[in-house]
Structure formats: structure tokens, C-alpha cells
Amino acid sequence: MSRPAPLTVARSDQEAPPVALVRRARAINRALADVYPDAHCELDYGTPFQLLAATVLSAQCTDVRVNQVTPALFSRFPDAAAMAGADRDELEALIKPTGFYRSKAESLLGLSRDIVERYDGAVPGRLRDLVTLRGVGRKTANVVLGNAFDVPGITVDTHMGRLARRLGLTVNEDPVVVERDLMALIERREWTLWSHRVIFHGRRRCMARTPDCGSCEIAALCPTAPGARVRP
């Protein structure tokens with residue numbers, strides 16, 4: 001099985017994380033596993049290409065809205081070869097409800113043509129290849145690797161970044177640095193499931209403006225919860 005390329009950016013502090021921080025991060029992961037035993041990718045897809053396209057569409061859009069759009073999209077353009085030859089106006093009309101449809105159409109057309117021209121129509125299963133596709137960054141690549149290829153990866157979306165900082169697991173804003181900070185804390189085999197669990201928690205309990213700290217199952221492990229006894 002193909003593995004992602006080695007990470008090339010050092011941790012933000014240039015040092016191994018404190019043992020206590022590693023233990024707390026893993027305790028959070030175990031607690032979230034109990035709370036969300038069915039945590040999974042909430043995008044509907046049938047193939048790696050469809051997951052890639054759906055993930056691109058999910059930028060600045062809910063998974064629910066994307067799942068409303070993709071059945072018609074994938075019926076019309078089920079694979080990279082079909083989408084590479086799509087009429088732009090038709091493609092834009094199909095994905096318009098997801099927002100930013102012109103730039104998303106540009107990305108879908110570009111990455112589809114890249115896949116056809118450079119990978120014989122099959123989505124590559126390596127991080128270093130995925131991030132060369134037009135419109136594909138590390139977040140999208142890790143979603144595809146973790147869910148379509150069973151290659152562990154941490155997905156740093158807005159939920160992950162926000163919760164990682166609230167939980168005191170990083171002080172960084174840059175998603176790439178946040179990803180590396182978290183990779184040093186969570187066991188590699190857990191990276192994909194950790195991502196799902198944190199995203200579930202961010203959507204259901206630890207919302208951006210009104211986190212439900214009073215009912216939060218991991219409040220005892222969170223340094224920003226009311227009355228917290230955990231050091232950040």
C-alpha cells in the first residue's frame with residue numbers, strides 16, 4: 001500500500017511535546033471514541049475520485065448540502081475522465097448550491113484533467129502526488145488518503161484547528177503546523193479516526209460561537225472549559 005511522503009516541515013517548537021501533553025491528547029482521543037463510536041466521513045461517495053470531488057465541494061459548505069448536490073453530479077460525471085470533458089456551464093450549474101461554484105468548477109476540471117493526463121484516470125494514493133493536483137491541498141489529500149486508501153492522516157479543517165487550540169494541543173493557526181503538532185501527540189494508526197471524532201465534536205458540541213461546555217464529555221480534559229483544572 002502506498003504511504004504518504006515524509007513530512008518536511010519541523011514542529012513549531014523544534015522539540016518533542018511534553019509527556020503530559022501526549023497523555024492528555026490520547027486521553028481526549030479515547031474519550032471521544034466512547035462518545036462518537038460511529039464517527040466517520042459524512043460525505044457520500046462511491047469511489048476515491050468521488051470523495052476527492054466531494055471534498056473540494058465541501059470548502060465553505062456543509063457536508064449536508066454537498067450530499068444533496070453530488071448524486072446528480074456523479075450521475076452525470078462519475079469519474080475523472082467524464083469530468084475532465086465536462087462543459088463548464090453545465091458543471092457550474094450542478095454545483096452552484098455549494099457556493100463559490102466558479103472556482104470549484106475550475107478546481108474540478110483541473111484536477112480531473114491532471115488525473116487523466118498523469119495518472120491514467122485513477123486517483124493517486126500518495127500524499128505527494130495528490131497535492132500536485134490542481135485545487136488539492138493537504139486537508140483534501142488527507143481526507144482522501146484516510147477514507148479511500150486507509151492511509152492515516154490528520155485533517156485540519158476549521159473544526160480541527162479551533163478545537164486543537166481550545167484543548168491546548170497547539171497554539172498555532174497555520175493548518176500545516178497544527179497538523180504536525182497533532183501528529184506528534186496522537187498515535188499514527190488513530191490519525192484518521194481522531195480527525196472524524198474531533199470534527200464530530202466540533203459540529204455537535206464544541207461549536208465556534210456557543211460551545212456547550214456544560215454538557216461536554218471532555219470538559220475535564222479541556223483547559224478552556226469553565227472551572228478548568230487542566231493547564232494549557
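FYI, the numbering just counts along the sequence from 1.
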Where [X] and [Y] come nearest, the two heavy atoms and their spacing:
X: Ser107; Y: Val56; result: CB-CG1, 4.1 Å
X: Val230; Y: Ala220; result: CG2-O, 3.0 Å
X: Pro17; Y: Ala184; result: CG-O, 3.7 Å
X: Ala228; Y: Cys222; result: CB-O, 3.3 Å
X: Ala82; Y: Phe77; result: O-CD2, 3.6 Å

Can [Y] be reached from [X] by stepping across I, L, V, M, F, W or Y side chains whose heavy atoms are under 4.5 Å apart?
X: Ile199; Y: Trp194; answer: no
X: Leu21; Y: Ile28; answer: yes
X: Leu193; Y: Leu182; answer: no
X: Met183; Y: Leu169; answer: yes
X: Phe100; Y: Val136; answer: no

[atom1]/[X] to [atom2]/[Y] distance, rounded to the nearest 0.5 angstrom?
X: Ile154; Y: Met160; atom1: CD1; atom2: CE; value: 6.5 Å
X: Phe49; Y: Phe74; atom1: CZ; atom2: CZ; value: 7.0 Å
X: Ile115; Y: Leu52; atom1: CD1; atom2: CG; value: 5.5 Å
X: Leu57; Y: Ile95; atom1: CG; atom2: CD1; value: 5.5 Å
X: Leu163; Y: Met207; atom1: CG; atom2: CE; value: 10.5 Å
X: Arg205; Y: Leu32; atom1: CZ; atom2: CG; value: 11.0 Å

If you apply the rule side chain to side chain donor-acceptor pair (under 3.5 Å), what do you find for Gln50 with Asp79, and how did you get there? CA-CA 7 Å; Gln50 291 178 0; Asp79 52 34; over 6 Å; no

Determine whether more than 12 heavy atoms belonging to other residues, nucleotides or ligands lie under 6.0 Å from atom [atom1] of [X].
X: Asp34; atom1: CG; answer: yes
X: Arg65; atom1: CZ; answer: no
X: Arg23; atom1: CZ; answer: no

Hey, are [X] and [Y] close enough for a salt bridge, meaning a charged N less than 4.0 Å from a carboxylate O?
X: Asp63; Y: Arg203; value: yes
X: Arg204; Y: Glu217; value: no
X: Arg76; Y: Glu90; value: yes

Any donor-acceptor N/O pair, [X] side chain to [Y] backbone, under 3.5 Å:
X: Arg26; Y: Leu185; result: yes
X: Arg113; Y: Ala84; result: yes
X: Asn67; Y: Glu42; result: yes
X: Asn172; Y: Asp174; result: no
X: Asp129; Y: Pro124; result: no
X: Arg24; Y: Leu221; result: yes
X: Ser112; Y: Leu108; result: yes
X: Arg166; Y: Ala208; result: yes
X: Ser195; Y: Trp191; result: yes
X: Ser58; Y: Thr55; result: yes

Under the salt bridge (Lys or Arg N to Asp or Glu O under 4.0 Å) rule, what do Glu179 and Lys139 come out as? Steps first, then yes or no, please. CA-CA 9 Å; Glu179 179 187 348; Lys139 185 199 83 169; over 6 Å; no

Might you work through the salt bridge (Lys or Arg N to Asp or Glu O under 4.0 Å) test for Lys104 and Glu92, ending with a clear yes or no? CA-CA 8 Å; Lys104 290 179 180 180; Glu92 289 182 355; over 6 Å; no

Intermediate values then yes/no, side-chain contact (heavy atoms from CB on, under 4.5 Å), Thr132 and Asp114: CA-CA 9 Å; Thr132 67; Asp114 289 342; over 6 Å; no

Walk me through it: do Leu130 and Val123 pass the test side-chain contact (heavy atoms from CB on, under 4.5 Å)? CA-CA 8 Å; Leu130 281 167; Val123 174; 3.7 Å; yes

side-chain contact (heavy atoms from CB on, under 4.5 Å) evaluation trace for Thr192 with Thr155: CA-CA 8 Å; Thr192 299; Thr155 302; over 6 Å; no

May I ask you to test the [X]-[Y] pair for a side-chain heavy-atom distance under 4.5 Å?
X: Pro152; Y: Glu190; answer: no
X: His159; Y: Val198; answer: no
X: Cys41; Y: Leu51; answer: yes

Step by step, would you call Arg165 with Thr224 a side chain to side chain donor-acceptor pair (under 3.5 Å)? CA-CA 9 Å; Arg165 287 184 289 274; Thr224 61; over 6 Å; no

Could you check Thr70, Val69, Leu73 and say which one makes a side-chain contact (heavy atoms from CB on, under 4.5 Å) with Thr98? Val69

Pairing donors with acceptors under 3.5 angstrom, does anything connect the side chains of His196 and Tyr36? no

Test salt bridge (Lys or Arg N to Asp or Glu O under 4.0 Å) applied to Arg162 and Glu173, step by step: CA-CA 9 Å; Arg162 182 179 75 253; Glu173 298 282 345; over 6 Å; no

Kindly determine whether Phe200 and His40 satisfy ring pair (Phe, Tyr, Trp, His ring centres under 6.0 Å), including the steps that lead there. CA-CA 8 Å; Phe200 263 50; His40 60 280; 5.5 Å; yes

